[in-house]
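To start, the structure under review is shown below, and the notes come after it.
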4 protein chains.
Amino acid sequence: MTTQRKPPSNATRRNEASRRAILAAAFELVQEVGYAKLSIEGIAARAGVGKQTIYRWWPSKGAVLFDAFLMLSEQPDGGESALPDTGDLEADLKAVLRATVEELNDPRYDEPMRALNTEITHDPALAALYAERLDGPMRELKKGRLRSAQRAGQLAEDLDLDVAVDMIWGPLLNRWLQRAGGLTPGYADSVVETALNGLRPRR
Amino acid sequence: MTTQRKPPSNATRRNEASRRAILAAAFELVQEVGYAKLSIEGIAARAGVGKQTIYRWWPSKGAVLFDAFLMLSEQPDGGESALPDTGDLEADLKAVLRATVEELNDPRYDEPMRALNTEITHDPALAALYAERLDGPMRELKKGRLRSAQRAGQLAEDLDLDVAVDMIWGPLLNRWLQRAGGLTPGYADSVVETALNGLRPRR
Amino acid sequence: MTTQRKPPSNATRRNEASRRAILAAAFELVQEVGYAKLSIEGIAARAGVGKQTIYRWWPSKGAVLFDAFLMLSEQPDGGESALPDTGDLEADLKAVLRATVEELNDPRYDEPMRALNTEITHDPALAALYAERLDGPMRELKKGRLRSAQRAGQLAEDLDLDVAVDMIWGPLLNRWLQRAGGLTPGYADSVVETALNGLRPRR
Amino acid sequence: MTTQRKPPSNATRRNEASRRAILAAAFELVQEVGYAKLSIEGIAARAGVGKQTIYRWWPSKGAVLFDAFLMLSEQPDGGESALPDTGDLEADLKAVLRATVEELNDPRYDEPMRALNTEITHDPALAALYAERLDGPMRELKKGRLRSAQRAGQLAEDLDLDVAVDMIWGPLLNRWLQRAGGLTPGYADSVVETALNGLRPRR
DNA sequence: AGATAATCGAGACGGTACGTCCGGTCTTGCC
DNA sequence: GGCAAGACCGGACGTACCGTCTCGATTATCT
């Protein structure tokens, strides 16, 4: 797997242009032809690159895909982002989840994300990398927002924030992955409300 | 896809022994060699069957896998099963989720289930079939148990049971699919408690 | 292999219509799709017949083809034919060879005849049958004409008529089978003249 | 099709060892299993080569077979051979034809040669190649011998040498291909005598 | 500045699997 | 019993990719 930044220059004479072309080609191809028909050969051809250049730097198709997402997640600005914090936890969460719903429904990201999830589910090494580099940072942001609410007394004191994150985002991801029912803004709202209040009657 | 029951026998002169051998071979193979190396050719060889016999009756590798699960889910006894209902909802749910955790951690089911999920996420037609034939009935059982609790006043009156089911089982499935953190009985308990009580402080 | 005539009725309950349909289908198909793509399955489909009906009565594809030719050669009238005998041997032979050239060049017979030759060259049993039933009678006619000329003193007394027949018809067939050079009436004439006179200078 | 010589090496990075292994395997296999059971798959397996390597360089099974013969015909020494010329045309021809008979009867060449003839008869492109590269040179040798005799006054002045060649070798090949009668030295002698003298009574 | 060496595009190679076609056998139900 | 229909096991087809392996032709430091 690559080591993100370039200036540290850990000494390789690697061609940066080829690297970017490969990642871009991989991302485009998977969304065009779908996961099942994504091939290293196809990526190399699209990127105008020899196959060996891919095999030299990545151990698997999934790793390429992973790096493509990594590149995507780093490019925007460089500034660290954070979840909105207006003080109204429920509203903030609903906003974030609605955005997530929109992204999952976006045809540009749908196939690539499914592909990445597929690779992760079948490759523990990739899963670890994913947990560390992509899901981890995002989870920290989510937990940060929840921690802020917890400190404000809006969440239970003894709440396990990891479980809380799973409870809010898990249902959504699951519905999407299994294509089980529509992924609508209304559903996102329902999940937030139900998660915050719990299943039991209040009072 | 098959039409399960045999006596109606309205149409085909299909070889039932071959059908069973194929489904069994598919299930065994996917757990032995993994999803990535599961091949129609391999299934046919293991089942002692011509490839054409598979292509004749199933449209895709995923469809075979799906039918293999279907066969598994129908075989046990024939009696309709139900979730435990001791009156203590929390205990019952914990018991069920712990069982689920165990099943997901069982190497006999791990790979096959990941494979099925992969096929579903990439094939809407299969997803619909899954929702109707495998997930649907199971979801009804879950909702049945919750409904019983709801009638007993243990759950909020206006609770959307589908959302509730997602909230309880979604986090588990997600953790498993993405290999994000350990899938332990303790985690199952946490999820049940947190889902029932909600994230907010009670009182 | 079948036993041509029907009334002797050696007791089978064979369906004559199917037999004719099969032979006709075989002949048509080989001329339409070529020898390489001629299949039993295709013949059965075209003839509206079950595959088993073919396998029941013929031992090989070549045998079907052979019978198709046999049917063709028997159908015309029933009267035994003979080669022309005007007294002018050279003219008669040229006429016959020109007709042969025409037949070999006829797209209706070209492919089927090549197919039959192919089967014969690779199947001694079929070759024997061919010699007995198709080539034999024709060779007798040819030898008959030559014998008549021989008796008239137009051919050498000690001439081996089989060799003579080979010498006249062999070059033609060979050129055709190997596609070696054009198969023209002029070539036919040349062959006749050269065969009659021999390669040596006369006188 | 190949371009024989290696030093020019203008274009491809072709593996010469694989090429030879394929041709050798093809030749051996056709004589072992027969034309009908000769398969590209079998050739590849025997040659220890991927199927694609065959499909990459040859358009058809027949082309492989053809090249196998080509390799055979080029390998012996490199020196141009010629037909014997003792001055006694009849004896020379008989010797050559007897050798041909022996070769056609040799089980090592029988099947391969039948296979090649079959491919040629069904593939005009291959036939042209055969005429140019295999039959052509051999025919020139034959015509060379005849021309020498012609100049010595042993053959008719106006004799068409192509027809003459057909007349001498055609009957033999035909008998062999159609398995029509035995292919004996005596037959070879008969053909030579009859061809030289012609069918008509001399004087 | 020239030598040295790793990377690059290209693509041949031995393989595996694809999805299709057909060979020859067997079974079912009609006639 | 023959027959049309067609499922079945098996084997080969010709294609697509896999991951490895040369081949020159750039680079890109390191003498």
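Numbered from 1 within each chain, the chains take letters A, B, ... in sequence-line order.
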Less than 4.5 Å apart, side chain to side chain, heavy atoms only: is that true for Leu38(A) and Leu65(A)?
yes
By nearest-heavy-atom nucleotide on DNA chain F, the more 5' of Leu38(A) and Glu41(D) is Glu41(D)
Answer yes or no: is there an ion pair linking Arg114(C) with Glu111(C), defined by an N-O contact shorter than 4.0 Å?
no
Would you mind building the protein contact string for nucleotides 10-15 of chain E? One character per nucleotide, 5' to 3', B for base within reach (heavy atoms under 4.0 Å), S for sugar-phosphate only, - for untouched.
BSSBBB
Do the non-hydrogen side-chain atoms of Arg46(C) and Ile43(C) ever get within less than 4.5 Å of each other?
no
Tell me: OH of Tyr55(C) to C1' of dC8(F), nearest whole Å?
14 Å
Heavy-atom side-chain proximity of Asn117(A) to Thr121(B) below 4.5 angstrom:
no
Do the ring planes of Tyr35(B) and His122(A) sit parallel (below 30°), tilted (30 to 60°) or perpendicular (above 60°)?
parallel
For the helix from dA1(E)-dT31(F) to dC31(E)-dG1(F), figure out the bend between the end axes, five pairs an end, and round to 10 degrees.
10°
Surrounding CZ of Arg20(D) (heavy atoms of other residues, nucleotides or ligands, distance under 6.0 Å), is the total greater than 12?
no
Can Arg19(A) be said to sit on top of Trp57(A)'s aromatic six-ring, NZ or CZ under 6.0 Å from centre and within 45° of the ring axis?
no
Please give, in whole Å, the distance from dA7(F) P to Ile54(B) CD1?
16 Å
Starting from the C-alpha separation in whole Å, work towards a yes-or-no answer on side chain to side chain contact (heavy atoms under 4.5 Å, CB included) for Phe66(D) and Arg133(D).
CA-CA 10 Å; Phe66(D) 174 82; Arg133(D) 304 285 287 276; 3.8 Å; yes
In whole Å, I'd like the distance from the CD1 atom of Ile43(B) to the P atom of dG19(E).
11 Å
Could you tell me the separation between the CG atom of Leu29(B) and the P atom of dA17(E), rounded to a whole number of Å?
11 Å
Please give, in whole Å, the distance from dC18(F) P to Lys37(A) NZ?
14 Å
Taking everything shown except Arg108(C) itself, do over 12 heavy atoms lie less than 6.0 Å from its CZ?
no
Side chain to side chain, Leu23(A) and Trp58(A), heavy atoms closer than 4.5 Å
yes
Whole-Å distance, Ile40(B) CD1 to dG11(F) P, equals 19 Å
Going by side-chain contact (heavy atoms from CB on, under 4.5 Å), Ile22(D) matches just one of Val64(D), Asn15(D), Ile40(D). Which one?
Val64(D)
Nucleic acid contacts - residues 21-28 of chain C versus DNA chain E, non-hydrogen atoms under 4.0 Å
none
